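See below for the structure under consideration.
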Protein chains: 2
Amino acid sequence: MALSEKQRQLIEEIGIYHENNGFQPAVARVMGLLLVSNTPELSFDEISETLNISKSATSNALNMLLNTGHIEYTTFSGDRKRYFRIRSSNWRDHFAKKMEDLSVLNCLLKKVLEVRKRENPMYDQKLNDFISFLDYMKGELPRMIEEWEKTRS
Amino acid sequence: MALSEKQRQLIEEIGIYHENNGFQPAVARVMGLLLVSNTPELSFDEISETLNISKSATSNALNMLLNTGHIEYTTFSGDRKRYFRIRSSNWRDHFAKKMEDLSVLNCLLKKVLEVRKRENPMYDQKLNDFISFLDYMKGELPRMIEEWEKTRS
DNA sequence: AAATTAGTTCTGTAAATTATGAACCAATGA
DNA sequence: TCATTGGTTCATAATTTACAGAACTAATTT
């Protein structure tokens with residue numbers, strides 16, 4: 001696998017991005033490589049060798065990414081290897097997960113208001129505001145996505 | 001600090017949420033406590049004792065949260081203690097950070113298209129779609145927030 | 001049947017993270 | 001001036017994580 005210096009750097013940047021999203025380093029680099037490489041589908045060995053990670057780490061990373069639906073693989077008849085690539089739905093899912101996370105937060109904040117008794121209701125106003133903002137966002141987002149679909153068809 | 005069982009559980013839930021957002025456990029619990037406690041402002045000792053974390057861990061957690069702007073404190077004349085509370089702008093900032101993170105991703109994806117040469121341009125289409133979706137979102141979001149402001153005034 | 005391929009699984013461990021407790025310090029109070 | 005309060009800093013201990021390397025397996029090829 002020949003990669004330019006720029007490509008290698010970008011793999012690291014993408015790696016760090018994904019580390020910050022909770023992936024372990026090797027897993028994050030695999031995502032980076034699959035995105036940045038000139039060929040979209042890479043074999044186990046190509047990944048392992050290009051990133052200089054052991055077979056076990058490669059195996060774990062690929063299985064983790066397969067299980068979480070971030071990647072998938074194809075095969076070719078007469079070739080025992082699997083060729084891994086990023087799932088095309090990956091980015092939409094990534095976005096959805098971010099939104100889902102805000103929804104989890106919203107749920108927690110609603111519980112907060114149920115569970116505590118603040119002497120000072122003024123202080124809760126801001127929290128209520130944010131909760132209703134998140135509710136509003138959640139309601140409007142689908143419409144917004146639909147709007148976007150329209151602009152491009 | 002008297003806390004109900006429900007409150008303690010919720011502190012843990014909020015703690016885990018914040019751990020998943022990159023906070024260390026003790027820091028995440030402090031955020032949970034400040035949110036869930038009946039009184040919005042708590043002293044160093046109240047935090048340390050209620051959460052059963054050492055003074056040093058409490059000190060580190062509070063300073064970390066102060067530095068990152070998640071909490072602030074007030075003082076009262078004739079009382080040497082500081083009373084810590086969540087900054088009211090915290091939730092808006094949290095939301096902004098999530099959006100900013102998507103913007104970082106978008107920037108990385110644009111670099112991807114610059115850096116690699118894919119034989120198969122079909123495969124890049126999906127990526128381009130997602131990039132323009134994020135661009136669209138980034139453009140529309142401020143308008144959407146403004147819209148929300150209107151609904152509540 | 002033996003060797004090779006394409007991985008997987010199982011320790012072991014280096015490194016990083018997270019928290020503790022003790023010592024410390026500066027400001028206030030007795 | 002001595003003790004106490006409200007913390008901070010440091011060394012270190014306890015986990016946790018993240019990976020390498022070796023042994024293993026099931027399918028294929030020779």
Side-chain angles (χ1 to χ4, degrees), chain A residues 1 8 11-12 14-34 39 41-68 70-85, chain B residues 1 8 11-12 14-34 39 41-68 70-85:
Chain A
M1 257 276 72
R8 293 207 170 270
I11 289 171
E12 291 308 309
I14 293 167
I16 288 167
Y17 176 83
H18 279 121
E19 279 185 48
N20 291 334
N21 276 267
F23 285 16
Q24 63 195 75
V27 176
R29 298 306 177 283
V30 171
M31 286 296 284
L33 173 59
L34 289 177
T39 53
E41 289 161 357
L42 297 179
S43 72
F44 187 104
D45 283 339
E46 283 172 320
I47 293 166
S48 175
E49 282 163 24
T50 310
L51 294 176
N52 284 306
I53 54 182
S54 66
K55 282 172 66 169
S56 53
T58 306
S59 176
N60 288 333
L62 290 174
N63 285 321
M64 190 274 184
L65 290 170
L66 284 169
N67 288 332
T68 53
H70 288 92
I71 64 171
E72 62 191 358
Y73 63 83
T74 18
T75 51
F76 300 97
S77 68
D79 184 350
R80 210 139 58 89
K81 285 186 181 111
R82 291 178 293 174
Y83 292 85
F84 300 91
R85 65 173 175 233
Chain B
M1 259 273 74
R8 293 207 171 271
I11 289 172
E12 292 307 310
I14 293 168
I16 288 167
Y17 176 84
H18 278 122
E19 278 185 48
N20 291 335
N21 277 268
F23 285 18
Q24 60 196 76
V27 175
R29 299 305 177 283
V30 171
M31 285 297 283
L33 173 58
L34 289 177
T39 53
E41 288 161 359
L42 297 179
S43 72
F44 187 104
D45 283 340
E46 283 173 321
I47 293 166
S48 174
E49 283 164 23
T50 309
L51 294 176
N52 284 307
I53 54 182
S54 65
K55 283 173 65 169
S56 51
T58 307
S59 176
N60 288 333
L62 290 174
N63 285 322
M64 189 275 187
L65 290 170
L66 284 169
N67 288 331
T68 53
H70 289 91
I71 63 170
E72 60 191 358
Y73 63 84
T74 18
T75 51
F76 300 98
S77 68
D79 184 349
R80 208 139 59 88
K81 284 188 183 107
R82 291 179 293 173
Y83 292 86
F84 300 91
R85 64 173 176 234

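Being a predicted model, the structure only gives us computed values, none of them experimental. Lettering follows sequence order; numbering is per chain, from 1.
- A salt bridge links B:Arg29 with B:Glu19: at least one charged nitrogen is closer than 4.0 Å to a carboxylate oxygen.
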Name the pairs: protein N/O against N/O of nucleotides 5-11 of chain C, kept only if under 3.5 Å.
residue : atom : partner : partner atom : Å
C:dT5   : O2   : A:Arg80 : NH1          : 3.2
C:dT5   : O2   : A:Arg80 : NH2          : 2.5
C:dG7   : OP1  : A:Arg82 : NE           : 2.8
C:dG7   : OP1  : A:Arg82 : NH2          : 3.4
C:dG7   : OP2  : A:Arg82 : N            : 3.3
C:dG7   : O3'  : A:Arg82 : NH2          : 3.2
C:dG7   : N7   : A:Lys55 : NZ           : 2.3
C:dG7   : O6   : A:Lys55 : NZ           : 3.2
C:dT8   : OP1  : A:Arg82 : NH2          : 3.3
C:dT8   : OP2  : A:Ser59 : OG           : 2.5
C:dT8   : OP2  : A:Asn63 : ND2          : 3.4

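- The nearest whole Å value for the distance from the CG atom in B:Asn67 to the P atom in D:dT8 is 11 Å.
- Other residues, nucleotides and ligands place no more than 12 heavy atoms under 6.0 Å from the OH atom of A:Tyr73.
- Here C:dT17 presents its P atom at 16 Å from CZ of B:Phe23, a figure rounded to the nearest Å.
- The CG atom of B:Leu42 sits 13 Å away from the P atom of D:dG7 (whole-angstrom rounding).
- Going from atom CD of B:Gln24 over to atom P of D:dT16 covers 15 Å, rounded to whole Å.
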- Check the pair B:Arg82 / B:Leu66 against side-chain contact (heavy atoms from CB on, under 4.5 Å), numbers first and verdict last. CA-CA 12 Å; B:Arg82 291 179 293 173; B:Leu66 284 169; 4.3 Å; yes

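- In this structure, B:Glu46 atom CD and D:dT5 atom P are separated by 15 Å, rounded to whole Å.
- Annotation: side-chain hydrogen bond (donor to acceptor under 3.5 Å, both in side chains) contacts of B:Tyr17 (sequence neighbours excluded): A:Asp101, B:His94.
- The distance between atom CD of B:Glu49 and atom C1' of D:dG6, rounded to the nearest whole Å, is 12 Å.
- Checked against side-chain hydrogen bond (donor to acceptor under 3.5 Å, both in side chains), B:Thr50 has no partners two or more places apart in sequence or in another chain.
- Between A:Phe23 and A:His18, the angle of the ring planes stays under 30°, which puts this pair in the parallel group of the 30/60° scheme.
- One interatomic measurement links the two molecules: CE of A:Met64 to C1' of D:dT17, which rounds to 13 Å at whole-angstrom precision.
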